[in-house]
Amino acid sequence: MPPTPVDPAQSFPELEEQVLERWRERDVFQESLRRRAGRPQWVFYEGPPTANGRPGAHHVLARVFKDIYPRYKTMRGYYVERKGGWDCHGLPVEIAVEQQLGISSKAEIEAYGIEAFNQRCRESVFTFLEDWNRLTERIGFWLDLDHAYRTLDPDYIESVWWALRQISDKGLLYEGHKVVPYCPRCGTALSSHELALGYRDVVDPSIYVRFPVTQDGGPLQAGDELLVWTTTPWTLVSNAAVAVDPELTYVRAKAGPLERPVVLAEALVERVLGEDADIVVLDRFPGAALDGVRYEPPFGYLPASAYGERGHTVLLADFVTAEDGTGLVHTAIAFGEDDFRLGQRYHLEVVNPVRLDGTYDERIGPYAGRFVKDADRDLIADLERRGRLLRAEEYEHSYPHCWRCGTPLLYYAKPSWYIATSTLRDRLLAANETVAWHPEHIKHGRFGDWLLNNVDWALSRERYWGTPLPVWRCEEGHTHVVGSFDELEELSGVRLEDPHRPYVDAVGFPCPQCNLRMERVPEVIDVWFDSGSMPFAQEHAPFEHEERFEARFPADYICEALDQTRGWFYSLLAISTLLFDQAPYRNVVCLGLILDGEGQKMSKSKGNIVVPWDVIDRYGADAFRWYFFTAKQPWDGYRFSEEAIGEGVRLFLRQLWSTYHFLSLYSADADAAAGAGAPTELDRWIRSRLAATVAEVTERLDAYDATFAGRAVAAFVDDLSNWYVRRSRARFWAGEAAAFATLRDCLLTVSKLLAPFTPFVADAIYEGLGGPEPSVHLEDWPEADATARDEALEADMAVARETVRMGLSARGQSKVKVRQPLREAVVVAAGRERRAIEAHADVVRDELNVKALRFVDRADELGSYELKANYRTLGPRFGPQMPQVAAAIAALDPAHVAAALREGRHVGVNVDGHDHELGPDDLTLALQPLDGYQLEREGSHAVALDLAVDEELRGEGLAREVVRAVQNARKAAGLAVEDRIALTLGGDAELLAAARANEAYVAGETLAVAVAYDGAQAQTASIEGRDLHIGVARA
RNA sequence: GGGCGAUUAGCUCAGUCGGUUAGAGCGCUUCUCUGAUAAGGAAGAGGUCCCAGGUUCGAGUCCUGGAUCGCCCA
């Protein structure tokens, strides 16, 4: 071992910088790949982030989990490529550029020029690339950033086109007219998974409007009023009809303050009209009776004829409920999915008086040009003025907003391109069955549920910066989907250098069917289709590297935050199922959210964002990583706390480092004294614990459970530090080779176990211990040494430690400090327990500072037994008879039973006239201490202390006080631990007498080569109120 | 309104197949140990296991309903 001095107060952030430097010098990441070349692959897919924002704490979380399993699998012998990736397209990028340019509409973008705009998008995508790269390296995420795939590259886009062509060839790409969530600010429709990203709680108006009936008919008379509820007053201007449930019971009723009879669902009368409104029900009838009733619309801007025959009439529908509202539902064909379907059924015309920018068009008179959501208040006032309003309230509900710009979405009937994923629902579900989700409940819960309710993928976006939709169309309406750049060149004679808009827009060709010129449709595609195509697009498959793609599909492992259920997890699965009919990943780890210390969501506006660099600079990347890995199961989310990170450093990393420092402190002596000493029980014990730990960590990591794997390492390090080293110190002072070898082996193995978790400190320790490879990350994962495992020994040690714990507790109760030796400890234990304690008697004696252990089998002299039933064994046997059994056991004589069990006999009890035999496992014997003894018990096992202190013991106790005082003096004098001294003592006569009587002990403990008693005055310590003068001089 | 998850000590979290006295760490108080450690050990204080029913000889654990929080959907 090289005698590298280990700084016990090492700064971890500084250490990590040194390790990073060494990794660079030795090219460790690449070397770790080279060494596994040709081995079986274990495939990781990087879900591409967008580098146009700074990385935050949640990115660190994702990145360290993306790192740990690839590192582990590499050590297990797999070849684990880690190709980086960047998501480059989409609205977020466009919005950032719009902000730079100070513009905010599509018209302004087009005025600015699509070419120039897209050029700026291209530049903006990688604004924070350096930040991302720096952070990625600094937190030890090994990722190939030099060969990262980028969704804006022509090769990538060509693969995406290929995928769309495949989907089109299967007849699954279509243009449809549907009501879609639409962002009027961004001017584009959103897919359902984008929709999922933007729900917010908002307060909207909730109004009850009166629609006067215009003709007598059925149960109603002209002048009766239909009561209609809506939370979107802005859609009332294009009210087309009113929907009712044909089965539901409605009433025509008169309520106190209202002049006219009103119509609404019977179940909602009191809720709508008020409980004390003096209601008189004039008539009851099913909703079907209202079919065809004509009414006067709330606003007259659009005539009934605009909608066709059934305009402004009551229609029968299947989506009306009596849960809220009035049971009569306002229907505006263009602004709701249910409305749209109903309109189709009754052949109503789609009338949409709202422009694409979300303002009313000229048909809506005074409101023309106003943003619809802003008109709510005035429309309500207008209704009120005209006596059409029954009541206006506010209503809090969650409503979808644009996930990037925050504008409330409008539901809008629009033409859009779709992929018919819903026809593949069974295949999606089947693919999902093959995936191991972590946590497991995602599979049939959140994600499975989502697949079950799958709707067609709204693919097109009426935007600029994205993969162009490769669909060309002629005037006859024929369409052609282009699947490669070669094909486009063949058709058009144009070879595109950059396939983005606007260049691609200029390319046309004759229609293969009718020879008319085909032009590309204007849309680009959903960015989620880009990232979901990465399994093949990152390789430019199938145009190139097809065999590489096939060898790397599907992925063994992906990891992203939970919100990707509707994002990347879905788009990957959907595209893979569409193209290859199989899942693109085998194991998924879903990460939860990071909240701040108060449980609040982190947001820029609250100013509670955690800046990763602050944590790294203060505690280090390993500390950050360790926190994420071990604080809790990652999918449960985190309440981020700097204190918790600090605690991890103090209690784990520092403890580990200190153990390593301890080894280095004495290793120089070890070389000199090599060969001395055979392995002890303690050596065998810690090696057994090590083997158990290796097995457990391996098992947990195989199960993608980093949390319990890490905690198992921590438990081992605690045993190593607080029991093995603590109990073995004297052997290290003596330079016993077996002790050094054991500790070194343990730390070396720990460094390997920790390599995936805390790659920096693991490598520093490995290097410091003289590990054979240039880095721990080039090592093989340790094998659990089955021959080292000795479970009996581990159990025995646990009993011995328990005995120590009880003895110390008895000490604490008796107020006799441990420094004062006592004559004996009486240990009550029999059988296995007794043998275990006897085997480790020296340890127990030493820890308790007693001269001897005396064993007694029976506790009669120390206390009486208490006998209890063991429900765990007896419960299943006796079931409902348990109360009687427990009573019968309570009636037994405990001393008798104790004696019988000691002799291995069974005990008989009679329950309900039947005799039963009870064995030792069925009964628990506990000791009940008698007065006057200091006794601690645990089950049948107890420790009592003989508290008598005679002259000799008293002298030894004082000698030990003297030693402690001298040690303090040594430290104060700045001596090194191995320095020999000349010791001079003076002061209180009794202290000096005690020291003299135990001089060999005092000298040995303090490394004094000579002891003099001539009253030196160098330092003075106080022991039990007496002065001790101490002089230490290096000998 | 529906789905999924969570709720255990002041804080952060364990708690296996249902077993009768629910644990750990941190923090606090007192004591103690110390040739590595900002460490270790002992004691004390600190609990309505979210609530209410139910199943069972027995429920933190299983079932039903509800509350609160988070996420997702409508």
Closer than 4.0 Å, any side-chain N/O of [X] to the OP1 or OP2 of [N]?
X	N	value
A:Gln655	B:A39	no
A:Arg729	B:A36	yes
A:Arg960	B:U34	yes
A:Arg650	B:A39	yes
A:Tyr666	B:A36	yes

Pick base, sugar-phosphate or nothing for [X], based on heavy-atom distances below 4.0 Å to the nucleic acid.
X	result
A:Pro880	base
A:Arg970	nothing
A:Val885	nothing
A:Glu647	sugar-phosphate
A:Ser721	base
A:Pro876	base
A:Arg727	nothing

To the nearest Å, how far apart are [X] [atom1] and [N] [atom2]?
X	N	atom1	atom2	answer
A:Ile442	B:G5	CD1	P	9 Å
A:Arg711	B:G25	CZ	P	14 Å
A:Leu747	B:U37	CG	C1'	13 Å
A:Phe662	B:U37	CZ	P	10 Å
A:Trp450	B:G2	CH2	P	20 Å
A:Arg805	B:G41	CZ	P	11 Å
A:Phe732	B:A36	CZ	P	11 Å
A:Phe629	B:U12	CZ	C1'	19 Å

Rounded to the nearest 0.5 Å, what's the gap from [atom1] on [X] to [atom2] on [Y]? Could you check?
X	Y	atom1	atom2	value
A:Leu593	A:Leu562	CG	CG	7.0 Å
A:Phe708	A:Arg700	CZ	CZ	8.0 Å
A:Glu560	A:Leu61	CD	CG	10.5 Å

For this session: Find which nucleotide of RNA chain B each of A:Leu651 and A:Asp718 is nearest to by heavy atoms, and output the residue with the more 5' nucleotide.
Result: A:Leu651

Exercise. Taking for each residue the nucleotide of RNA chain B with the nearest heavy atom, is it A:Pro8 or A:Arg872 whose nucleotide lies nearer the 5' end?
Worked result: A:Arg872

Which listed nucleotide ([options]) is nearest to the side chain of [X]?
X	options	result
A:Leu808	B:A14, B:A42, B:A36	B:A42
A:Met882	B:G70, B:C57, B:A36	B:C57
A:Gln633	B:A14, B:A36, B:U12	B:A14
A:Asn722	B:G40, B:G15, B:C57	B:G40

Inter-nucleotide [atom1] distance ([N], [M]), Å rounded:
N	M	atom1	value
B:U12	B:G53	C1'	32 Å
B:G3	B:A45	C1'	43 Å
B:C50	B:U16	P	14 Å
B:G44	B:U7	C1'	28 Å
B:G40	B:G25	C1'	14 Å
B:A39	B:A22	C1'	28 Å
B:U48	B:C63	P	24 Å

Exercise. Is A:Arg446 side chain donor-acceptor paired with the B:C71 base, going by distance under 3.5 Å alone?
Worked result: yes

Exercise. Would you call B:G23 syn or anti, using the 90° rule around 0?
Worked result: anti

Problem set entry | Test side chain to side chain contact (heavy atoms under 4.5 Å, CB included) applied to A:His840 and A:Leu682, step by step | CA-CA 9 Å; A:His840 301 282; A:Leu682 209 60; 6.0 Å; no

Would a line drawn from the ring center of [X] to the ring center of [Y] be shorter than 6.0 Å?
X	Y	answer
A:Phe335	A:Phe340	no
A:Phe628	A:Tyr638	yes
A:Trp657	A:Tyr660	yes

For this session: Start with the C-alpha distance between A:Ser422 and A:Asn454, add both sets of side-chain angles, then the distance that settles side chain to side chain donor-acceptor pair (under 3.5 Å), and finish with yes or no.
Result: CA-CA 5 Å; A:Ser422 60; A:Asn454 186 267; 5.1 Å; no

Exercise. Are A:Arg729 and A:Phe732 in a cation-pi setup, meaning NZ or CZ lies under 6.0 angstrom from the ring centre and within 45 degrees of the ring axis?
Worked result: no

Seminar exercise, completed: The side chain to side chain contact (heavy atoms under 4.5 Å, CB included) partner of A:Val1032 among A:Asp979, A:Leu983, A:Thr1006, A:Leu1007 is A:Leu983

Exercise. Of the residues in residues 1000-1008 of chain A, which ones touch RNA chain B at a heavy-atom distance under 4.0 Å?
Worked result: A:Glu1005, A:Leu1007

For this session: With a 3.5 angstrom cut-off on both distances, give the Watson-Crick or G-U wobble partner of B:C31, or none if there isn't one.
Result: B:G41

